[in-house]
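In this text, all values refer to a predicted model and were calculated from it rather than measured experimentally.
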Amino acid sequence: MAIEDDVLVIGGGIAGLSSAIAAAETGARTRLITHKQSTLGNASGLVDVLGYAPDDDTPRADPYDAIAQLPAEHPYSKVGADAVREGLALFDDAVGDRYRGSHSAANALVPTHAGSVKPTARYPRSTAPGLVSDDRDMLLVGIDSVTGFDAPMAADHLSAVGVPFDVRGETVRFPKSFPQDADVTRYARALDRDESVDDGTVRQVLADRVEAVLEDERRVGFPAMLGDSRHEAVRTELQDRLGVDVFEVPTGPPSLPGLRLEDALYDAAEDAGVRITSGNPIVDFDADGGRVEQVLMDRLGSEVAYEAQQYVLATGGPVGGGIESDRNVVEESIFGLPVEHPEDRYEWFDDDVWGDHAYTEFGVSVDDDLRPVAGEEVQFENLRAAGNVIGGYDFATEKSGCGVSLATGYVAGSEAGELT
């Protein structure tokens with residue numbers, strides 16, 4: 001017998017989680033199925049809506065003012081600006097006071113680990129004191145044994161782009177030694193537990209070493225490693241010891257802000273009543289009369305059927321495994337949905353590494369209800385797509401990935417729930 005629900009969401013990233021929460025809030029019995037950990041652990045933890053309009057390298061102060069100018073195939077054009085606002089409202093309710101930015105429709109400017117400035121709509125509370133709009137002088141602190149954040153280089157880059165404050169970078173030694181291959185989670189756990197070292201505790205000694213290089217700066221930025229389960233306590237204690245504001249600079253994978261965000265969204269989904277099934281892949285499906293009847297999960301070599309009235313596909317793009325390709329064809333990985341692409345694979349990319357690569361916009365085409373289409377023909381009337389599995393936009397260049405996931409997730413989940 002199939003396991004039955006009203007709405008079944010496939011995919012455990014921001015798009016899948018927002019879809020599941022939106023569906024559950026309509027009163028629909030909702031299940032989310034995810035195979036592997038989402039890509040949030042590789043992400044910055046920032047929530048971008050639209051940082052740059054296509055063919056424009058000027059950061060957008062207002063992410064909404066360019067939505068009406070986007071091409072018709074862009075996901076934002078499908079769902080409209082109001083859906084973006086509703087998706088962000090869902091996000092704000094889900095994460096509570098862990099994030100900032102809901103007070104304004106404008107983008108905030110956040111410094112990155114590379115020393116660039118990123119326009120973003122929502123940012124972790126631990127990042128807030130580092131905003132570029134703040135004109136207080138800044139000290140960036142790197143840890144000599146933590147790769148991926150060169151504080152002096154990042155400071156030089158920020159100065160070069162003309163930030164309205166003085167910024168320096170210093171590197172200090174972490175109070176405790178770890179193997180060379182230790183990732184930031186090991187440092188974070190040491191700070192969480194405030195582990196003992198020869199001269200005191202990890203937090204105390206780290207603060208002492210930073211204080212020794214601190215001059216007149218009124219805020220200090222660390223790579224995003226200041227604790228995991230107790231990160232606010234860690235940051236608050238460092239602030240108290242240093243007498244200045246302390247913030248985290250988003251860094252690359254493994255990304256603690258991304259992992260913290262994942263935990264917060266899963267907690268919100270469970271609070272909304274979403275049933276979560278994880279660890280096994282969907283490998284097949286049955287359809288009849290233009291409707292998906294059930295999907296089949298591979299569980300230790302046996303196929304387990306899951307059945308719903310409505311389905312949401314939120315498996316991500318090529319990185320998330322939602323889009324697959326070989327030398328000849330590109331297609332969606334579960335339902336075999338078509339993905340528009342040039343027949344000549346050498347046209348999938350540009351010879352210039354910084355050029356316009358066609359593959360960055362590969363994804364499923366959808367109608368205005370987010371149902372996958374081939375040409376104008378709806379493939380399955382009870383299947384909607386959300387997030388990066390949808391094509392027609394370049395989320396990395398536009399800085400729009402999370403916004404698209406939230407907006408399309410909200411619409412797909414809400415409509416699916418209301419149709420049950």
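In this structure P164 satisfies the side chain to side chain contact (heavy atoms under 4.5 Å, CB included) test together with V132, sequence neighbours excluded. Under the side chain to side chain contact (heavy atoms under 4.5 Å, CB included) criterion, E303 pairs with V283, L296, not counting sequence neighbours. For S44, the side chain to side chain contact (heavy atoms under 4.5 Å, CB included) criterion is met by L46, K118, P250, not counting sequence neighbours. Remark: H157 pairs with M153 by the side chain to side chain contact (heavy atoms under 4.5 Å, CB included) rule, at least two apart or across chains. Residues that satisfy the salt bridge (Lys or Arg N to Asp or Glu O under 4.0 Å) test with D82, not counting sequence neighbours, are R85. Residues forming a salt bridge (Lys or Arg N to Asp or Glu O under 4.0 Å) with D65 (at least two apart in sequence, or on another chain): R60.
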Can you give me every donor-acceptor pair (side chain of residues 251-259, partner residue at least two apart or in another chain, under 3.5 Å) with its distance?
from : atom 1 : to   : atom 2 : distance (Å)
S255 : OG     : A43  : O      : 2.5
S255 : OG     : G258 : N      : 3.1

Enumerate donor-acceptor pairs with a distance under 3.5 Å from any side-chain N or O in residues 73-81 to protein atoms, sequence neighbours excluded.
from : atom 1 : to   : atom 2 : distance (Å)
H74  : ND1    : Y76  : N      : 3.0
H74  : NE2    : E398 : OE1    : 2.9
H74  : NE2    : E398 : OE2    : 3.4
Y76  : OH     : V49  : O      : 2.6
Y76  : OH     : V404 : N      : 3.2
S77  : OG     : L70  : O      : 3.4
S77  : OG     : P71  : O      : 2.7
K78  : NZ     : V366 : O      : 3.0

Under 3.5 Å, sequence neighbours excluded: what are the donor-acceptor pairs made by side chains of residues 413-420?
from : atom 1 : to   : atom 2 : distance (Å)
S414 : OG     : Y410 : O      : 2.8
E415 : OE1    : R384 : NE     : 3.3
T420 : OG1    : G417 : O      : 2.7

Under 3.5 Å donor-acceptor pairs involving side-chain atoms of residues 13-27, not counting sequence neighbours:
from : atom 1 : to   : atom 2 : distance (Å)
S18  : OG     : I14  : O      : 2.8
S18  : OG     : A15  : O      : 3.1
S18  : OG     : S405 : O      : 3.4
S19  : OG     : A15  : O      : 2.8
S19  : OG     : G409 : O      : 3.3
T26  : OG1    : A23  : O      : 2.6
T26  : OG1    : A28  : N      : 3.4

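Between the side chains of T30 and R275, no donor N or O sits under 3.5 Å from an acceptor N or O.
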> What do the steps show when you test S145 against R173 for side chain to side chain donor-acceptor pair (under 3.5 Å), and what is the final call?
Replying inline: CA-CA 7 Å; S145 53; R173 185 165 54 87; over 6 Å; no
>> Apply side chain to side chain contact (heavy atoms under 4.5 Å, CB included) to residues D245 and V220 and explain how you reach the verdict.
In response: CA-CA 6 Å; D245 280 347; V220 175; over 6 Å; no
> Between T120 and D48, does a side chain to side chain donor-acceptor pair (under 3.5 Å) hold up when you go through it step by step?
Replying inline: CA-CA 5 Å; T120 192; D48 308 327; 2.7 Å; yes
>> Between D6 and R29, is the salt bridge (charged side-chain N to carboxylate O under 4.0 Å, His left out) condition met? List the steps.
In response: CA-CA 5 Å; D6 296 330; R29 180 183 173 96; over 6 Å; no
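Among residue pairs with one or both ends in residues 286-296, those qualifying as side chain to side chain donor-acceptor pair (under 3.5 Å) are D286-Q294, R291-E381; sequence neighbours excluded. Note on residues 98-111: no pairs pass side chain to side chain donor-acceptor pair (under 3.5 Å), not counting sequence neighbours.
The neighbour count for F174 CZ, taken as heavy atoms of other residues, nucleotides or ligands under 6.0 Å away, is above 12.
Ion pair R230/E232 not flagged as a salt bridge, since none of the NZ, NE, NH1 or NH2 atoms sits closer than 4.0 Å to an Asp/Glu carboxylate oxygen. For D97 and R125, the salt-bridge test passes: some basic side-chain N is under 4.0 Å from an acidic carboxylate O.
The CD1 atom of I10 lies 10.0 Å from the CZ atom of F285; values are rounded to the nearest 0.5 Å.
Using a distance-only test at 3.5 Å, with no hydrogens or angles considered, no donor-acceptor pair links the side chain of R31 to the main chain of T277.
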